[in-house]
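A quick write-up on the structure given underneath.
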Amino acid sequence: MFYLTLRKETPFIFRVSVPIASILLTILFGIFIFSVLGYDPGKALYHFFISPLSRIDRIADLFVKACPLMIVGTGLVLCFRANIWNIGAEGQLIMGAVFAGGLALSLPDTLNIWLLPAMAVLSFIGGGLWAFLPAVLKVRLRTNEILVSLMLTYVASLFLDWLVRGPWRSPTSFGFPLTNYYPDVGLISKIDFPGIGTIGQLHWGVFIALLVCLLFWFMMQKTVFGFQVKLVGDSDKAFRYSGFNESKTTMMLFIISGGLAGLAGMIEVSANMGQLQPNISFGYGFTAIIVAFLARLNPAAVILAGLLIALIEMGGDSAQIALAIPKVVTGVFKGILLFFLLAGETLTKYQINFKYSKRRVPYD
Amino acid sequence: MKPRSALLQSHDISKSFGSFIANDKINFNILEGEIHGLLGENGAGKSTFVKMVYGLLEPSMGEFFWNGNPIKIPGPQEARNFGIGMVFQHFSLFPTLTVIENIQLALSETQPLPELRKTIIEKSQEFGIFVDPDTYIRDLSVGEQQRVEILRCLLQNPKLLIMDEPTSVLTPQESQQLFKILKILAKTGCSVLFISHKLKEVKEITQRATILRRGQVVDTVISSEVSTGQLAKMMVGNDPQNVRKKIEHKSTKILVKISGLCRPANTPFSTPLLDINLDVKAGEIVGIAGIAGNGQSELMEVLTGEWRSKDSIDVLDVLGVDIRDYSPHRRRQMGIGFMPEERNGHSAVMNMTLTENTLLTNHNNPEIQKNSIIENNNLENLTSNIIHDYDVRTPIQNPLASSLSGGNLQKFVVGRELIKKPRVFFVAQPTWGVDIGATKFIRNAIIELANEGCGIIVISQDLEELFELADSVSVLFRGKLSERKPVKELNSQKIGLLMGGEDVSFISRGI
């Protein structure tokens, strides 16, 4: 068989050629798949890669699409770095939106400009609370955080469903499961560039998302907190020796990642919808897991990873609409793209050895 | 007695890991039908040697001869084909399966159960190993489980059975039963390589014994012709002749006071601590000797604060403060330094750089951190000071900890703690797996620290080290601390006997 060993140093030629090779292979496989299925590969690839980048407003929309992915992804990076597996960001995102929405809906006539900041804080608390549950169960009762956080996602989702169909349903929604619109001061406005006006759907939430990524990048690089996160993921013995408290750190990271997911939920609703509805997230909480790993657990790289995932999502939509390519086919192509990307990344870091080593010492 | 031929001969077998030589030209042979002891302290190179015999490690140099023919043993499967079986210290049995199922799993060719049952019963009668083939492993005592392991080896008709520290997990009664089995085995012509650090046993069960010290063969002796005292001396070496540079302190100021420390065992593999009392004066170095696994790591965790309890400890005062519920972090702020035994992943993180490893125990230092933001310049300065002052040889600027040799990383870790000039210092195995140069350096640094008035506890298995460093020594044996004796009244023979559990006066009766 074969196994991977870490390269001591990646030769320069590899660092250049491997990414190029993975792009070429993706395109080659794309041409193959699309032509076998009877679609014009040139057009399909155009819609995947060129169309979303062809106009400034589309690029702006790319950022809008990436916004929740970046915020949630940053929180997940912290958790995953620390070997804590929060899989329930989707639920935390929903609870954040619910908490913020509750405030906005209870003050329908307010003109107070502090409403939006207050909603942001509440959304962080809501998401944080939803993450606190699996955290405290893990720390106190040693439950598996993957299961608990995942299951709580469905609880949150059904809770929102009940709210918008039941107590929070708008009397003027003609029976549709929708709440009232938030007051204007509870909405996030589009960015109005002086002299240009708004570009696509670009809103201030995107600015917040970039800020969050950079802030946490700085924290990971430059603060004792960042060191603590890296250390707990690396070695729990050294972590205790260092004098940090493991339970506290686990809870804190869970709450931060849940809080960030909650914030993303609030931004999503306040910027794009203006009211609560049964589906406020399109799996952002789950897609953000891919984003976090694609970014190699680096908060700054989350920006690029979020944009890349947004690009394939939008490219897939565009190809579906323009060429009537079925969703499953665009899904396959997205998979191929990620496969070559990650394989290429792995090969620059590791080398393949084909000789099987028998001398693995089973006890030491 | 007719002369027997050598079954396995080790010719100049050597093994080095990097610059560390674990086995240095090992020469001895095991005769047919002989129970041969391999005696040595922890770290003497016993395990490394048997791993080579069993094909788990490849010798760097030298050759094995099997019945006079040179052989290569590339892996455990090949070792078994030659007829070499091994019973490890830690068993590899599935608790939820029965004896016969466990044995069936290990066989290279599947045998139908009824047939296998017959073979097992035959074998167990032949060798006096009585186990019911249909009981579940989880219902067996440790001694019985070991018998299953032996039985499993015997089904492959071995010519040489390696037993790695077989009695370390057994009660005295179980040990006696094991010895009976081994004697029957030897009578049938199977040789046994019996690895141990317990002198009495080696004398009792083996015909000849080879003593290893620091990776070298001291001698091969006929067990009945030497006393346990002589064995102890060979095992731990001569009393060192070094002139101690240490100042005799007359201080009466007690810096550390421990009394009534009882720590229950929290896993089946840990040792409970039983009523430990100890105090350390300023400028004093207290040595704690003992074979690994007698409570050293448990005691160290209590001292560092990685394990805390107010109920299990009556008094744990350092510098006059009750620190029973102080975290490692708070203890450090008080001027306590500590360094656990394990470098890899405990006192150092291997895939972090040296500056990050400096941060590991300095993250509460206001010079290093302001409002949680790391002062990189100060951190780098501190790191390079440690590297410079403690002679750490680094391959590049700020390397990963894993790229340093064991000795250099140890100097770094020791330096990181000592550069803070702690008032109290707890250290375990300060020179474990470290080359001679670095060993000297580290010991001198510790002595210097004591001369400045620091109170020090050194937990070590290396008696030479304790003789060089300590003012007085206690032995930790099965979680109990023996009476403390000034080092002048002790010699390695006496401590060696205590470490092997020879002195019954402090063996706990509870275990």
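Just so we're on the same page: letters track the sequence lines, and every chain starts at 1.
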Val212(A) side chain reached by Leu260(A) side chain, heavy atoms, under 4.5 Å: yes
Validation row: Lys222(A), Phe227(A) side chains within 4.5 angstrom (heavy atoms): no
If I measure from the heavy atoms of chain A, does [X] come under 4.5 Å with its side chain, its backbone, both, or neither?
X: Gln369(B); value: side chain
X: Asn362(B); value: neither
X: Arg332(B); value: side chain

Contacting region of Phe239(A) [heavy-atom separation from chain B under 4.5 Å]: neither
Between [options], who has the most heavy-atom pairs with chain A when the cutoff is under 4.5 Å?
options: Asn364(B), Leu359(B), Thr304(B), Thr361(B); result: Leu359(B)
options: Asn376(B), Ile373(B), Ile368(B); result: Ile373(B)
options: Ala348(B), Gly305(B), Pro340(B); result: Pro340(B)
options: Glu301(B), His329(B), Glu306(B); result: Glu306(B)
options: Val349(B), Leu360(B), Asn351(B); result: Leu360(B)

Residue from Thr249(A), Thr223(A), Asn245(A) passing side chain to side chain donor-acceptor pair (under 3.5 Å) with Gln228(A): Thr249(A)
Pair Phe254(A) and Phe132(A), ring centroids less than 6.0 Å apart: no
Pair Glu342(B), Ser347(B): side-chain N/O donor-acceptor within cut-off below 3.5 Å: no
Short side-chain donor-acceptor distance under 3.5 Å, His346(B) and Ser235(A): no
Salt bridge (charged side-chain N to carboxylate O under 4.0 Å, His left out) between Lys72(B) and Glu78(B), worked out: CA-CA 9 Å; Lys72(B) 286 237 175 301; Glu78(B) 288 81 357; over 6 Å; no
